[in-house]
Engineer: 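Dropping the structure in here first, questions after.
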Amino acid sequence: MENQKYIDQAVTLALQNVEDGGKPFGAVIVKGGKVVATGVNKAAQTGDLTSHAEMEAIRKATQKRGEGSLKGATLYASGHPCPMCLSAIYLAGISEVYFSSDLDAAAEAGLGVSDIYKELKRDPEDREIALRKVKPSILKSPLQIWSNKEQ
């Protein structure tokens, strides 16, 4: 019953966002039976292609909590998360995700990301966008400096 309540809230956010000129996506993050944060897709309003509902909700939740971990939280989304949002969900440690519409429904509406999922399954050298490693001339390693600070 709780799942229905929160998925309905995500869909309601998406519907309102469409009325406000945005894309049809909303997200709700819940932890311990309480809504931690919500978000809507603001890409159309802001021109920021990363402003997806899940990303907005994750940003708000982590800023509110003052930490990057949302371990134990559940995310409810009006649509199946795109690869970017799914990656952020993993990085944030969100424990589970419920969604309403699937990838096929998004594709039918002209908002599909199935091609990106297919692209990510390909070997890096076979992808449309080339990923090439280049060795810098700078001798200091940001990763090593960060690692030393953490220890």
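Everything numeric in this text was worked out from a predicted model, so none of it was measured. Values below: all heavy atoms of this structure, side chains included; hydrogens, waters and symmetry mates excluded.
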Engineer: Please name the pair of heavy atoms, one in G22 and one in A44, separated by the smallest distance, quoted to 0.1 Å.
Structural biologist: CA-CB, 4.3 Å
Engineer: Provide the closest heavy-atom pair for A57 versus A37 in the form atom of the first, atom of the second, distance.
Structural biologist: O-CB, 3.4 Å
Engineer: Got T50 and R59 here, is their nearest side-chain heavy-atom distance under 4.5 Å?
Structural biologist: yes
Engineer: Check the hydrophobic clustering (I, L, V, M, F, W, Y; side-chain heavy atoms under 4.5 Å; chains of links allowed) and say if I89 and L70 are grouped together.
Structural biologist: yes
Engineer: What's the separation between atom CD in E119 and atom CZ in R127, rounded to the nearest 0.5 Å?
Structural biologist: 6.5 Å
Engineer: Would T74 and Y6 satisfy side chain to side chain contact (heavy atoms under 4.5 Å, CB included), going step by step from the backbone distance to the final call?
Structural biologist: CA-CA 10 Å; T74 302; Y6 296 123; over 6 Å; no
Engineer: Please check if the number of heavy atoms outside E125 that lie under 6.0 Å from its CD is greater than 12.
Structural biologist: yes
Engineer: Looking at every heavy atom in both A53 and G39, which two are closest together, and how far apart are they?
Structural biologist: CB-O, 3.6 Å
Engineer: Do any N or O atoms from the side chain of K140 and from the backbone of I145 form a donor-acceptor pair under 3.5 angstrom?
Structural biologist: no
Engineer: Flag yes if more than 12 heavy atoms outside I138 fall under 6.0 Å of its CD1 atom; otherwise flag no.
Structural biologist: no
Engineer: Let me confirm one number: the CG-CD1 distance from L103 to I116, rounded to the nearest 0.5 Å.
Structural biologist: 10.5 Å
Engineer: List in chain and number order the residues that pass salt bridge (Lys or Arg N to Asp or Glu O under 4.0 Å) with K5, two or more places apart in sequence or in another chain; answer none if no residue qualifies.
Structural biologist: E2
Engineer: Give the intermediate values and the outcome of side chain to side chain contact (heavy atoms under 4.5 Å, CB included) for residues T38 and Q9.
Structural biologist: CA-CA 9 Å; T38 64; Q9 185 176 355; 3.8 Å; yes
Engineer: OG of S100 to CD1 of I7: how many Å apart, nearest 0.5 Å?
Structural biologist: 5.5 Å
Engineer: Test your reading of the model: is there a side-chain donor-acceptor pair from S78 to the backbone of V11, 3.5 Å cut-off?
Structural biologist: no
Engineer: Out of curiosity, L111 CG to C82 SG, how far, rounded to the nearest 0.5 Å?
Structural biologist: 11.5 Å
Engineer: Carefully, step by step, assess M84 and V113 under the rule side chain to side chain contact (heavy atoms under 4.5 Å, CB included).
Structural biologist: CA-CA 10 Å; M84 174 185 66; V113 295; over 6 Å; no
Engineer: Which heavy-atom pair separates K71 from K31 by the least distance, and what is that distance?
Structural biologist: O-NZ, 2.7 Å
Engineer: Please round to the nearest 0.5 Å and tell me the distance separating atom CG of L120 and atom CG of L86.
Structural biologist: 10.0 Å
Engineer: Do Y98 and V40 belong together in a cluster built from hydrophobic side chains that touch within less than 4.5 Å?
Structural biologist: yes
Engineer: Determine whether a donor-acceptor pair (N or O, by modelled atom type, separation under 3.5 Å) exists between the side chain of D102 and the backbone of D104.
Structural biologist: yes
Engineer: Please determine which of V18, N41, D8, V28 meets the side chain to side chain contact (heavy atoms under 4.5 Å, CB included) test together with L13.
Structural biologist: V28
Engineer: Between Y117 and H80, how do the two ring planes meet: parallel, tilted or perpendicular, split at 30° and 60°?
Structural biologist: perpendicular
Engineer: Decide side chain to side chain contact (heavy atoms under 4.5 Å, CB included) for Y76 and N3; before the verdict, give the C-alpha distance in whole Å, the side-chain angles of both, and the deciding distance to 0.1 Å.
Structural biologist: CA-CA 8 Å; Y76 296 87; N3 290 336; 2.6 Å; yes
Engineer: Exactly one of E56, K42, K23 should register a side chain to side chain donor-acceptor pair (under 3.5 Å) with S51. Which one does?
Structural biologist: E56
Engineer: Compare every heavy atom of G72 with every heavy atom of S95, then report the nearest pair and how far apart it is.
Structural biologist: OG-N, 2.9 Å
Engineer: CD1/I58 to CG/L75 distance, rounded to the nearest 0.5 angstrom?
Structural biologist: 6.0 Å
Engineer: Please give me the minimum heavy-atom distance between E54 and A77, naming the atom from each residue.
Structural biologist: OE2-CB, 3.7 Å
Engineer: Say whether, by atom type as modelled, one donor and one acceptor occur between the side chain of S147 and the main chain of L143 under 3.5 angstrom.
Structural biologist: no
